[in-house]
Amino acid sequence: MALKEETRLQKFLASSGIASRRRAEEMIRSGRVRVDGKVVTEMGIRINPDTQVVHCDGRRIDPARKEDGVYILLNKPKGYVTTVSDPQGRPTVTSLLKDVATRVYPVGRLDLDTEGALLLTNDGELTHKVLHPRFETSKTYEVLVAGIPPAQKIAGLRKGIIIDGKRTWPAVITLVKQKERTALYRVTIHEGRKRQIRKMFDAIAHPVLHLKRTAYGRLTLGSLKSGSYRFLSPDEVKKIFL
């Protein structure tokens, strides 16, 4: 049998279902990964899974025993942190998964006060594909803002604005309805910067009052109630990237 090609350590961990590639990099930096008995903390190390032994947190990682992919769509309520544990003791999104035996991880984050669609999976490669801007995986939000933003300001958000020293990618923004003192927009982006939607509207002086993610690609919440989740079929997973 031919030997497998060498691969980067963080990619190996992600493809083995240990964590997302970004999380795998954090695990390497913190000294939790050993290759052939030696702790590795540098990025970019290449390994051959057929000839080298990798341990993470003391457990040997064998890609041949990779768990089947588990894909879950959760309608995250407000007040839950998007982590698997919280040092402050706040409720986590994983605590809502009452009947999930496989250890899964959130794909990216939603703020404590943001609700809506959140993917959880044990598939590190899918996580990387959803989060990395070059794959242009779209995420759609309902955004209620204070006041009625002028058309030219919304046009600026569509083209991209400077946030934290870096220009945002173009956004698709549609006015859904407006009242005397608020406006509701549908916003689609394919970046995942921290608090990006809130910062975009803060930059035009119309702060977000309510924020809900409604879709990844063509995968929507549908009738899924707040705090509920469902397992995704292979066809539904494909919709994430359409």
Rounded distance [0.5 Å steps], [atom1] in [X] versus [atom2] in [Y]:
| X | Y | atom1 | atom2 | result |
| --- | --- | --- | --- | --- |
| Arg198 | Asp111 | CZ | CG | 5.5 Å |
| Ile72 | Thr94 | CD1 | OG1 | 10.5 Å |
| Leu112 | Arg90 | CG | CZ | 6.0 Å |
| Glu25 | Gln10 | CD | CD | 5.0 Å |
| Arg32 | Arg59 | CZ | CZ | 11.0 Å |
| Ile47 | Phe12 | CD1 | CZ | 4.5 Å |

In the single-linkage hydrophobic clustering (I, L, V, M, F, W, Y; side-chain heavy atoms under 4.5 Å), do [X] and [Y] co-cluster?
| X | Y | answer |
| --- | --- | --- |
| Leu184 | Leu221 | no |
| Val172 | Ile189 | no |
| Val39 | Val35 | no |
| Leu175 | Met200 | yes |
| Tyr216 | Val70 | yes |

Taking all atoms of both residues into account, what is the closest heavy-atom pair of [X] and [Y], and its distance?
| X | Y | result |
| --- | --- | --- |
| Lys11 | Glu125 | CG-OE2, 3.8 Å |
| Val107 | Leu118 | O-CD1, 4.0 Å |
| Glu236 | Phe231 | OE1-O, 3.9 Å |
| Val187 | Val143 | CG2-CG2, 3.7 Å |
| Lys139 | Thr137 | NZ-O, 3.3 Å |
| Val93 | Pro106 | CG2-CG, 4.0 Å |

Under 3.5 Å, is there a donor-acceptor pair between the side chain of [X] and the main chain of [Y]?
| X | Y | value |
| --- | --- | --- |
| Thr188 | Ser138 | no |
| Ser30 | Glu26 | yes |
| Tyr185 | Val176 | no |
| His206 | Ala146 | yes |
| Ser228 | Asn75 | no |
| Glu191 | Thr168 | no |
| Lys179 | Ala183 | no |
| Thr82 | Leu110 | yes |

Check the pair Leu126, Lys129 against side-chain contact (heavy atoms from CB on, under 4.5 Å), reporting the backbone distance first and the verdict last.
CA-CA 5 Å; Leu126 178 132; Lys129 189 174 180 181; 5.6 Å; no
For a side chain to side chain contact (heavy atoms under 4.5 Å, CB included) with Leu119, tell me which candidate from Leu219, Thr127, Val104 qualifies.
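It is Leu219; the other options fail the test.
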Which pairs of donor and acceptor atoms, one on a side chain in residues 147-165, lie under 3.5 Å apart (sequence neighbours left out)?
from   : atom 1 : to     : atom 2 : distance (Å)
Lys153 : NZ     : Ile204 : O      : 3.3
Arg158 : NE     : Ile173 : O      : 3.1
Arg158 : NH2    : Ile173 : O      : 2.8
Asp164 : OD2    : Lys199 : NZ     : 2.7

Member of Thr121, Asn122, Asp123 meeting the side-chain hydrogen bond (donor to acceptor under 3.5 Å, both in side chains) criterion with Tyr71:
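Result: among Thr121, Asn122, Asp123, Asp123 is the only option passing the side-chain hydrogen bond (donor to acceptor under 3.5 Å, both in side chains) with Tyr71.
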Would you mind telling me which of Arg213, Lys212, Lys78, His210 makes a side-chain hydrogen bond (donor to acceptor under 3.5 Å, both in side chains) with Glu115?
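Of the listed residues Arg213, Lys212, Lys78, His210, the side-chain hydrogen bond (donor to acceptor under 3.5 Å, both in side chains) partner of Glu115 is His210.
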A side-chain contact here means heavy atoms from C-beta on lying under 4.5 Å apart; do [X] and [Y] qualify?
| X | Y | answer |
| --- | --- | --- |
| Leu74 | Leu120 | yes |
| Pro207 | Phe201 | no |
| Ile240 | Val130 | yes |
| Val33 | Asp57 | no |
| Arg181 | Leu209 | no |
| Pro77 | Leu96 | yes |
| Tyr229 | Leu97 | yes |
| Val237 | Pro234 | no |

Pairing residues for Arg218 by the side-chain contact (heavy atoms from CB on, under 4.5 Å) criterion, not counting sequence neighbours
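Testing Arg218 for side-chain contact (heavy atoms from CB on, under 4.5 Å), a comparison that skips the adjacent residues, returns Lys239, Leu242.
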Applying side-chain contact (heavy atoms from CB on, under 4.5 Å), run through Leu9 and Arg46 and close with a yes or a no.
CA-CA 6 Å; Leu9 179 57; Arg46 301 183 71 87; over 6 Å; no
Exceeds 12 heavy-atom contacts within 6.0 angstrom, atom CZ of Arg186
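For Arg186, atom CZ is not crowded (no more than 12 foreign heavy atoms under 6.0 Å).
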Any chance you could lay out the side-chain contact (heavy atoms from CB on, under 4.5 Å) test for Arg34 and Lys38, step after step, and finish with the verdict?
CA-CA 5 Å; Arg34 293 174 178 267; Lys38 296 181 180 180; 6.0 Å; no
So, Arg195 and Thr114: side-chain donor and acceptor under 3.5 Å apart, yes or no?
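The answer is no; no qualifying pair exists.
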